[in-house]
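Below: the structure, in structure tokens.
Numbers for residues simply follow the sequence, beginning at 1. Computed from heavy atoms alone, side chains included, the values below leave out hydrogens, waters and symmetry copies.
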Amino acid sequence: MSKITQAKRVVVKVGTSTLTYENGKPNLRRIEALCRVLSDLQASGKEIILVSSGAIGVGMGKLGLRERPAETEKKQALAAIGQCELMFIYDKLFGEYSQPVAQVLLTGDVVHNQHAMQNVGNTFRELINMGIVPVVNENDTVGVDELIGKNIGDNDTLSATVATLLDADLLVILTDIDGLYDKNPQKDPDAKRIPYIEGITEEVFALAGGAGSNRGTGGMYTKVRAAALANEAGITCCVLSGVTPENLYKLFDGVQIGTIFSPTGGIS
């Protein structure tokens with residue numbers, strides 16, 4: 001577990017279902033806990049980069065919409081509304097712990113352009129050197145690839161891309177389930193969490209299943225795909241429940257929690 005307990009540069013991704021209630025309204029108690037824990041980890045000497053979904057979900061909640069619209073233009077509008085609200089919340093709650101944050105919005109063309117990625121990497125590194133927590137999202141208002149299914153991909157994949165770009169020590173994906181199971185835990189009471197996977201195979205992808213919630217775009221499959229991308233870059237990935245953000249403390253204290261995806265060769 002040493003690569004986890006000693007990780008310094010850590011990308012943490014949090015999904016829409018973790019950040020919001022079923023009605024789309026921000027889950028302020030959970031977001032506050034997340035900001036407190038991340039601020040504390042940053043204060044301990046870690047370099048935290050937060051990849052946050054939730055813009056469209058928060059936009060839906062602010063307008064009282066129960067269903068995610070199908071039209072790309074409406075989703076773009078909701079992203080614009082929700083991203084403003086989401087960053088206001090992050091700025092306020094991180095600010096309670098004197099932790100400055102900065103918004104970084106990325107689009108697919110930036111990710112696939114070497115010169116643009118170099119500029120983005122320079123910005124990230126300068127923010128990190130200044131002790132600032134970058135808050136990253138895909139820019140759905142300008143780039144529609146994620147909205148129409150051509151994604152970076154989704155923000156799970158975006159988090160792996162950011163982790164690779166910054167040569168992170170660890171990628172942590174917080175979701176509404178506490179790891180990958182050998183069966184569907186929503187249907188099979190005998191399902192068991194898989195604590196550790198070394199080398200992601202087609203069988204592992206098959207266990208991951210399908211799509212996520214009405215408010216988000218991802219499911220466990222996209223998280224396993226992100227873990228695979230991180231592993232290819234030699235980065236360990238952990239998928240664990242974000243329902244209790246304090247789980248991050250357990251992770252860095254060496255407690256086996258969630259599912260750890262390790263590049264071939266192990267994590268110790």
Side-chain angles (χ1 to χ4, degrees), residues 10-38 50-61 65-68 78 82 85-86 89-90 93 135-138 146 151 153-160 170-195 197 204-205 207-228 230 237-251 255-261:
V10 182
V11 174
V12 178
K13 187 268 177 179
V14 61
T16 302
S17 60
T18 304
L19 294 171
T20 62
Y21 291 108
E22 284 293 332
N23 61 9
K25 298 289 186 179
N27 187 327
L28 295 176
R29 180 169 62 177
R30 190 174 295 162
I31 298 174
E32 190 280 330
L34 177 68
C35 293
R36 172 170 45 81
V37 171
L38 294 182
L50 176 61
V51 176
S52 174
S53 299
I56 293 177
V58 170
M60 288 170 59
L65 302 179
R66 300 292 299 182
E67 297 292 331
R68 187 182 177 94
L78 288 174
E85 181 78 1
L86 195 58
I89 293 170
Y90 278 135
L93 295 181
V135 180
V136 189
N137 199 352
E138 187 160 2
E146 178 179 2
N151 347 24
D154 49 87
N155 278 357
D156 293 321
T157 306
L158 175 62
S159 68
L170 179 67
L171 170 62
V172 180
I173 299 178
L174 300 178
T175 185
D176 53 2
I177 189 170
D178 59 343
L180 180 65
Y181 280 73
D182 60 356
K183 303 172 186 175
N184 188 337
Q186 297 177 341
K187 298 180 180 179
D188 194 330
D190 295 325
K192 294 181 175 60
R193 178 176 58 86
I194 303 172
I197 293 174
V204 174
F205 276 111
L207 290 174
S213 70
N214 173 55
R215 290 163 290 140
T217 58
M220 187 56 69
Y221 184 90
T222 64
K223 289 155 186 59
V224 172
R225 184 175 63 188
C237 176
C238 184
V239 176
L240 71 155
S241 172
V243 173
T244 305
E246 287 80 4
N247 281 337
L248 288 167
Y249 288 134
K250 295 181 181 179
L251 179 68
V255 177
Q256 205 302 307
I257 188 171
T259 297
I260 297 171
F261 298 87

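The closest side-chain heavy-atom distance from Cys237 to Ile173 is below 4.5 Å. Using a 4.5 Å heavy-atom threshold, the side chains of Leu170 and Val12 count as separate. Within the 4.5 Å cutoff, no side-chain heavy atoms of Asp178 are placed close to those of Leu240. You'll find the side chain of Glu32 reaches within 4.5 Å of the side chain of Arg36, heavy atoms only. Ser52 is listed as a side-chain neighbour of Val135, based on a closest heavy-atom distance under 4.5 Å. In this structure, the side chains of Val172 and Val10 come closer than 4.5 Å at one or more pairs of heavy atoms.
Atom-to-atom distance recorded for Thr259:OG1 and Tyr181:OH is 8.0 Å, nearest 0.5 angstrom. In this structure, Glu138 CD and Thr157 OG1 are separated by 9.5 Å, a value rounded to the nearest 0.5 Å. How far CG of Asn27 is from CZ of Arg29: 7.0 Å, rounded to the nearest 0.5 Å. Atoms CG and CG, on Leu28 and Leu34 in that order, are 12.5 Å from each other to the nearest 0.5 Å. Taken from CD in Glu67 to CE in Met60, the straight-line distance is 7.0 Å, to the nearest 0.5 Å. Considering CD1 of Ile31 and OG1 of Thr20, their distance stands at 8.0 Å, rounded to 0.5 Å.
Salt bridge present: Lys13 and Asp156 bring a charged side-chain N and a carboxylate O closer than 4.0 Å.
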For Val14 and Val51, what are the C-alpha separation, side-chain angles and deciding distance, and is it a side chain to side chain contact (heavy atoms under 4.5 Å, CB included)? CA-CA 6 Å; Val14 61; Val51 176; over 6 Å; no
Could you walk me through whether Leu19 and Arg30 satisfy the side chain to side chain contact (heavy atoms under 4.5 Å, CB included) test, starting with their C-alpha distance in whole Å, then the side-chain angles of each, then the deciding distance to 0.1 Å, before giving a yes or no? CA-CA 7 Å; Leu19 294 171; Arg30 190 174 295 162; over 6 Å; no
Passes side chain to side chain contact (heavy atoms under 4.5 Å, CB included), Thr16 versus Val58? Steps please. CA-CA 8 Å; Thr16 302; Val58 170; over 6 Å; no
Mind running side chain to side chain contact (heavy atoms under 4.5 Å, CB included) on Leu251 and Cys238 for me, showing each step along the way? CA-CA 9 Å; Leu251 179 68; Cys238 184; 3.7 Å; yes
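Closest heavy-atom contact between Met220 and Gly179: CE-O, 3.4 Å. For the pair Gln256 and Arg193, the tightest heavy-atom approach, listed with the atom from each and the gap, is OE1-NH1, 3.0 Å. Across all their heavy atoms, Asp154 and Arg225 have their closest contact at OD2-NH2, 2.7 Å. Residues Tyr90 and Cys35 approach most closely at CD2-SG, 3.7 Å, considering heavy atoms. Residues Thr18 and Leu174 approach most closely at OG1-O, 3.9 Å, considering heavy atoms. In terms of heavy-atom proximity, Ser53 sits nearest to Leu86 at O-CD2, 3.4 Å.
Asp182 is linked by a salt bridge (charged side-chain N to carboxylate O under 4.0 Å, His left out) to nothing, counting only residues two or more places apart in sequence or in another chain.
Between the Asp188 side chain and the Pro185 main chain, no donor and acceptor come within less than 3.5 Å of each other. A donor-acceptor contact shorter than 3.5 Å links the side chain of Ser241 to the backbone of Val243.
With Val11 as the fixed residue, the side-chain contact (heavy atoms from CB on, under 4.5 Å) test singles out one of Leu158, Val136, Leu50, Leu171: Leu171.
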